[in-house]
Each structure stands twice: as C-alpha cells, then as structure tokens.
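Only one structure is covered here, and it is reproduced in the block below.
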Amino acid sequence: MIRLAWRQFRTEAVVAVVGLVVVAIVLGATGPHLVHVFRTAPSQLTNTYRTLQGAAAVLVLVAPAILGIFFGAPLVARELETGTFRLAWTQSVSRRSWVVVKFALVGLVTSGVAGGLSLMVAWWANPINIVNADRFSPANFGMFGVVPFGYALFAFALGATAGLVFGRTLPAMATTLVGYVAARLAVTYWIRPHFEAPLRLSLPLSKLSGLGFTRSPSGPVTIGAIPPNIPNAWALSASIVDDAGHAPTARYLARVCPTLAGGPGSGAVGVTRSGPAPGGGIQTCIARIATKFHAVVTYQPASRYWPFQAYETALFAVVALALAALSVWWVRHRLV
Amino acid sequence: MTSAIDTQGLTKRYGRRSALSGCTLSIPAGKVVGLVGPNGAGKTTLLHLAVGLLEPSAGRIEVLGHRPAESSEQLARVGFVAQNTPLYASMTVGDHLRLGGWVNPTWDEDLALERVEHLGLDVSQKAGTLSGGQRAQLALTLAVAKRPELLVLDEPVASLDPLARREFLQSLMSIVAEHGVSVILSSHLVSDLERVCDYLVVLVASRVLVAGEIEELLASHHRLTGPRRDGLHLPPDWEIIEETVTERQCALLVRHESPVHDPAWTVEQLDLEDLVLAYMGREATDGHKQGRTLVGAHS
Amino acid sequence: MIELHLEARSGLPPYQQIVRQVQRALRLGVLQVGDQLPTVKEVVERLAINPNTVLKAYKELEHSGLVSPRPGIGTFVTATLSDGSFASHGPLRQDLLRWLAKARRAGLDDESIEALFQDSFRASADQGVA
C-alpha cells in the first residue's frame with residue numbers, strides 16, 4: 001500500500017523537491033553576501049536583496065496553504081471524482097489502511113517540504129533577524145522555528161479531509177484556502193497571546209516608542225500609546241493610566257492640551273515619536289500628562305519564543321490528527 | 001457448499017429512497033450469474049453491497065460465507081470491476097499490473113502478464129489513452145490476477161462496441177473455464193447475458209422479481225394460447241405472469257411446476273428475453289397488487 | 001478438429017446446438033473415431049458462451065456413447081454415426097435433388113418448398129410415433 005500511495009504521489013513529490021532545490025540554489029548563492037553585509041554594515045541589511053526578502057517571506061507564508069490546496073485537497077477527492085476509489089477499495093487492502101497510509105505519507109512529505117523551506121529561509125535570513133530582533137511579532141513568528149511543520153500538517157489534513165467530505169476537488173481547495181487563513185489569523189490574534197499570561201511593565205511615558213492623539217468628530221480627544229521596542233519580545237498592548245489605573249479623560253486632555261481641542265476637523269491630530277519633537281505645543285502637553293500618568297505595557301518576553309513555538313505547533317498538529325481521524329471515520333462509516 | 005451470494009431481506013436506503021428493498025437471494029457458487037434490470041433498478045447497489053463498497057441499511061448479506069470486505073482475506077477472494085471500469089488515467093498498463101501486485105498478496109503476476117500479452121496491450125501505454133474495450137480488458141485483468149473465487153462485474157460491456165463486447169465476454173468465459181471462478185455480472189440488456197450466464201436474477205425498481213437457473217426458468221415458463229373461456233379454471237400451481245385476452249383468444253405467459261396436459265392450449269417455448277420482459281411488464285402494470293418478489297427454487 | 005458455431009435465432013438451446021453439430025459431423029464422416037473434440041476452453045473462447053453449456057453438451061454426447069473424456073487431455077470420439085447408413089446417403093440425396101427440381105418446375109418458390117417439406121416431415125414423423 002505504501003508503494004501504491006508513493007507511486008500516485010510521486011510526480012507531486014518530485015515537483016516539490018525540485019522547487020526546494022531551486023530555492024536552495026537561490027538562497028545559497030545570495031546568503032554569503034548577506035553575512036558579509038552583516039559583518040561590515042549591518043544597518044544596510046534591510047535594504048540588501050529587498051525583493052528576495054519579500055519573496056522569501058511570502059513563499060514561507062503561503063507554502064502550507066499551497067501544499068494543502070495542491071497535495072491535500074485532491075488526495076482523496078480525485079479518486080472519488082474519477083471513481084478509482086472503487087478500484088482501490090476492492091483490492092486486498094482495507095480502506096482504513098488505504099486512507100491511513102495515504103494521509104501519513106503525503107502529510108509527512110508536505111510537512112517536510114514546508115518545514116524544510118522555512119529552515120532554509122531561516123538560515124538565509126539569520127543576519128536580518130539578528131539585526132531586526134523581531135522574531136516574536138505576528139509577522140515573523142509563523143515564518144520560522146517549528147510552527148511551519150505544524151501549519152503544513154494542518155493545511156494538508158484540512159485539504160484532504162475537505163476533499164473526502166465534499167467528494168470534489170475544487171470546493172475542497174477553496175475550503176483549504178479559507179480555512180487555513182482563518183485558522184492562522186484566529187490563532188495568531190485570539191489564541192497565541194493566551195498560551196501564557198502576558199507580563200506587565202510599567203514605565204514613564206518617555207520610554208514609549210511614541211504617543212498618538214486622536215480627535216473624534218464631536219470634539220473629545222483621546223490619547224494612545226505605541227509600545228516600546230523590547231528585543232525579540234511580543235508587545236501586546238500599551239495603555240496610559242494614572243496611579244489609580246484610570247485613563248486620562250477627554251475633559252482632562254482638553255484642559256491640559258487646549259491647542260488640540262480647539263482645532264478644526266477630526267482624526268489623528270498628532271503623533272510623537274521618540275526623537276526630535278514634531279511640535280512645541282504637543283511636547284508641552286505631553287510633559288503635563290507625564291506628571292500624573294504613566295504607561296502600562298503587556299508583552300510576551302523573548303524567553304517564551306520556543307515554548308510558544310512548541311504550543312502552537314502542537315495545537316496545529318493535534319487539529320491535523322483530529323481531521324485525519326475524522327477522515328478515517330468518514331471513509332469507514334459515511335461512504336458506505 | 002457455501003453460496004456465492006446469500007442475502008436475507010437486504011435493503012439499502014438513501015434517506016427515504018430505497019435503492020434496494022428486501023432482497024432475498026441464494027446464489028450457488030460456480031455459476032455465471034446475470035443480474036438484469038433497467039437502469040436505476042438497483043443492480044449497482046446490490047453489487048456494491050456484495051463487494052463491501054456499501055453497507056446494508058437493513059438485512060444481511062454474505063459473500064462466499066463471509067461479510068463483504070470484513071477482512072483483507074475476504075477482499076482478496078472477490079474481484080470487482082466497477083461500472084465504466086475506473087483506472088488511474090495517468091498510469092501505464094504496466095503500472096497498473098505492478099500496483100495490483102503491491103496491494104494483493106494473492107497476485108498472480110504470470111497470469112496478468114500473459115493476459116496483457118494475449119490482449120496485445122502495450123505495457124507502456126497510459127491507461128487514460130486506452131480504448132473502452134482495452135480499459136475493460138485491463139480492469140478485468142486486474143480483477144482476475146488477484147485470483148478471486150468470485151468475480152463481480154458491474155455493467156462491464158454496456159459502453160463497448162459489439163466487437164469489444166464479444167471479445168470481453170470471450171475473455172471472461174475462458175477465465176471461467178480455466179479457473180472455475182464464480183461470476184456475477186450485471187447488464188440492462190438480456191441479450192448480453194443470454195449465452196454466458198447459467199443463472200439469472202431480474203431486478204426491477206429495487207426489488208428482485210425472479211431468480212433462478214436459466215434452464216429451470218425456461219423449463220417452467222411457457223406461452224399458452226387457447227380459445228377464450230370465461231371462468232377459466234387454472235391449475236393451482238400456475239402463476240400468470242402476463243395475460244392477453246382478445247374476443248376469441250386468450251394468451252397467457254405462465255410459470256408452472258407440472259407439465260401442461262390440456263390439449264386446448266398451444267404451448268410455446270419462450271426465450272430468455274421474452275421471459276424477462278414479461279416480468280418487467282408485470283411489475284410496471286400491477287406490481288403493487290401482486291406478490292412482487294418471486295424467488296426461484298434453488299438447489 | 002471441427003469448428004462449432006451457434007445460431008442466435010435457431011430456437012434451440014446452445015448446448016443442443018453443439019450436440020447436433022457434433023452428431024452431424026459424425027454422421028457426415030467429418031469426425032472419425034479417435035478424433036479430438038475442441039477443448040471446452042477453446043469452444044468457450046471462440047463462442048463466448050458459458051463453459052457449463054459446453055460441458056453439458058459433451059456430457060450428453062458421452063452418455064450416448066459417442067465420445068469419451070480423457071482427463072487432462074481432452075474429449076475424443078469413440079463411435080461414429082456414419083457406418084451403414086452413410087452409404088445410402090448418395091442415392092437418397094439424388095432422389096431429393098430430383099424432387100426439388102420437380103417442385104421448382106411446378107412453380108413452387110423456396111419458402112413453399114420448405115413449408116411443404118416441413119409439413120410432410122412432421123406428418124410422417126407423427127405417423128412413425130403413432
């Protein structure tokens with residue numbers, strides 16, 4: 001049965017491996033230069049191979065979805081569409097073995113391809129990641145480490161199960177795309193922040209990356225905080241509160257910053273960044289606010305990067321296994 | 001001796017629709033069984049139940065004494081060619097033979113190669129480019145080379161031209177002669193099956209109308225023509241399958257156990273097609289009034 | 001070896017057609033004692049018919065003592081039907097040909113001739129039985 005599953009999947013596997021080799025050649029040819037720039041002029045790194053950086057990021061990001069769509073969705077759906085499942089299920093192999101072997105073989109190859117791709121890009125982008133010190137942020141967390149293995153397993157299992165349940169390839173492909181994107185977003189913004197309770201950090205307003213003021217159409221002004229840059233940590237939120245934990249009221253802001261409240265229109269009226277002050281009026285009002293208020297930042301520290309990688313990989317792998325179990329059940333109890 | 005197929009009240013429902021209702025059959029092993037009925041009568045459902053692709057909603061089915069597909073041993077004992085002979089289009093003839101060996105411990109490679117050579121199939125040709133007749137022959141080869149005790153073929157010749165149809169049936173019969181395998185094959189045409197089968201099952205509108213040895217069926221059914229007589233007294237063992245009454249004449253198609261002695265009747269032999277059509281006609285006109293399932297006596 | 005064939009609309013069951021063809025071959029001397037009949041597999045492969053049909057025909061021929069099976073080899077002719085009667089075929093055939101010519105001269109077409117022959121044949125057969 002393994003040989004049959006392999007024979008059916010051979011072409012796709014070869015295409016995937018050829019793709020990996022091409023990526024390896026491109027990255028291998030350009031990687032040493034990145035290291036050279038890192039040693040000589042690290043500030044220039046982000047501008048070196050800009051297009052390639054973007055392309056590599058997109059590739060790693062979409063690889064699980066692509067593999068789920070093209071390896072997962074047709075895996076069983078194609079057999080159901082062409083009727084060959086009737087040929088397969090009447091050979092001397094139980095359909096349970098048939099579905100288990102197919103899922104295991106193709107699932108592992110898929111996971112290996114996506115994970116391998118991520119490892120290669122991680123090797124290549126290592127100098128950039130060291131300089132940026134931003135691996136925990138939502139944009140980067142899913143690209144490196146072990147999570148791509150889990151994502152690919154999940155996307156594959158989702159595609160294969162959808163194909164089995166719908167019995168048609170195209171709807172299964174669409175489901176895979178939508179389901180994968182939805183799952184990634186949901187986990188990134190709703191679940192990942194809660195793997196462990198975030199740490200809190202109180203600090204004076206001057207330590208923030210910046211402050212933002214916004215005025216609504218009716219007049220009142222609100223103030224927002226831009227979290228400080230903690231290397232390789234994931235800042236979740238930043239808020240401005242007084243010692244009692246209350247945010248500044250609109251009335252208070254109007255009083256300490258009359259220049260803001262008096263102006264016409266609505267929207268963002270001023271943003272400060274650490275560095276040269278954009279305007280004297282705003283600086284004065286910030287100084288006034290800072291006497292009474294401070295900032296509270298919640299974040300996941302850099303030390304939790306690998307535990308979080310493990311949790312998230314396990315989460316996606318478990319869901320993938322559950323989908324595979326559903327498929328085995330479906331093949332044995334629903335398609336009869 | 002175990003039956004090839006044994007069913008008791010076998011029923012398959014999809015939601016409220018019945019694809020097969022209360023099918024009770026006992027088909028002895030060693031037969032070539034023709035399963036005849038119009039399209040949509042439930043032939044495919046019955047065959048899929050027999051090979052374990054489907055499971056019954058109610059009732060029981062045993063194939064060669066076991067539940068279909070209950071184990072890989074049982075799967076190995078039954079060869080199946082599905083309707084439209086599905087094959088992996090992108091794989092070659094040779095690939096199909098290899099995969100047959102991979103998934104069947106009882107695979108007879110010599111037999112497979114010999115058949116492919118005899119049929120003149122090119123092992124390097126993609127299955128997707130084969131003609132209908134070649135596809136059917138390759139599918140039959142796959143089913144036969146696992147050396148099953150029972151071959152189940154779903155409409156194997158329906159889509160073939162007359163020459164390919166004949167070649168397929170020749171192949172099939174020579175396999176039966178050589179390996180003594182039991183066969184059940186379906187068709188919506190009686191004429192396809194007449195010569196190759198020795199047992200017939202007629203399935204109409206999800207019910208078995210008649211089943212039995214073809215020879216016994218032909219011996220026990222006759223067309224009788226005689227003058228019209230009102231208040232006709234027929235022997236108790238006669239069952240009227242079809243009745244045509246004109247002003248003067250009365251023509252009956254009857255099933256009877258005892259020979260017809262009354263000299264008033266002209267007795268005519270039936271051919272298989274007449275017989276099957278008569279049963280189908282009866283089902284269409286008054287199937288709901290009469291006892292619908294009539295199962296032949298089996299030894 | 002003889003070639004067997006089937007007629008779709010003969011009205012006779014296939015096994016009887018085989019029996020009759022073998023009998024005719026024996027009668028006409030096409031098959032002699034010691035000749036082999038085609039194997040079941042050969043017949044089946046040629047005619048696309050059920051092997052049991054051929055087996056049944058051969059069994060019937062065996063019962064009437066015309067052939068006997070040699071296990072593993074085939075079925076062989078053990079008796080012939082042509083013996084004495086075959087010699088008289090010639091003159092009878094001449095008579096029949098003369099009669100056919102006469103019927104045609106009388107204006108009968110083929111169908112009428114056949115009907116007349118069948119009718120007389122049956123009448124004479126009935127007399128024979130009675």
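This structure is a prediction, so every number in the text was calculated from the model and none was measured. Throughout, protein chains are lettered first and strands after them, A, B, ... in sequence-line order, and every chain is numbered starting at 1.
Heavy-atom distances place no part of B:E194 under 4.5 Å from chain C, backbone and side chain included. Looking at C:L55, neither its backbone nor its side chain comes within 4.5 Å of chain B, counting heavy atoms on both sides. The parts of B:D198 that come within reach of chain C are both its backbone and its side chain, each placing non-hydrogen atoms under 4.5 angstrom from that chain.
Ion pairing between C:K41 and C:E45 holds under the 4.0 Å rule for side-chain N and carboxylate O.
For an aromatic pair to be called close, the ring centres must be under 6.0 Å apart, and C:Y58 with C:H63 fails this.
Remark: the backbone N or O of B:E155 is not paired with any side-chain donor or acceptor of B:Q83 at under 3.5 angstrom.
Atom CD1 of C:I49 sits about 11.0 Å away from atom CD of B:Q170, to the nearest 0.5 Å.
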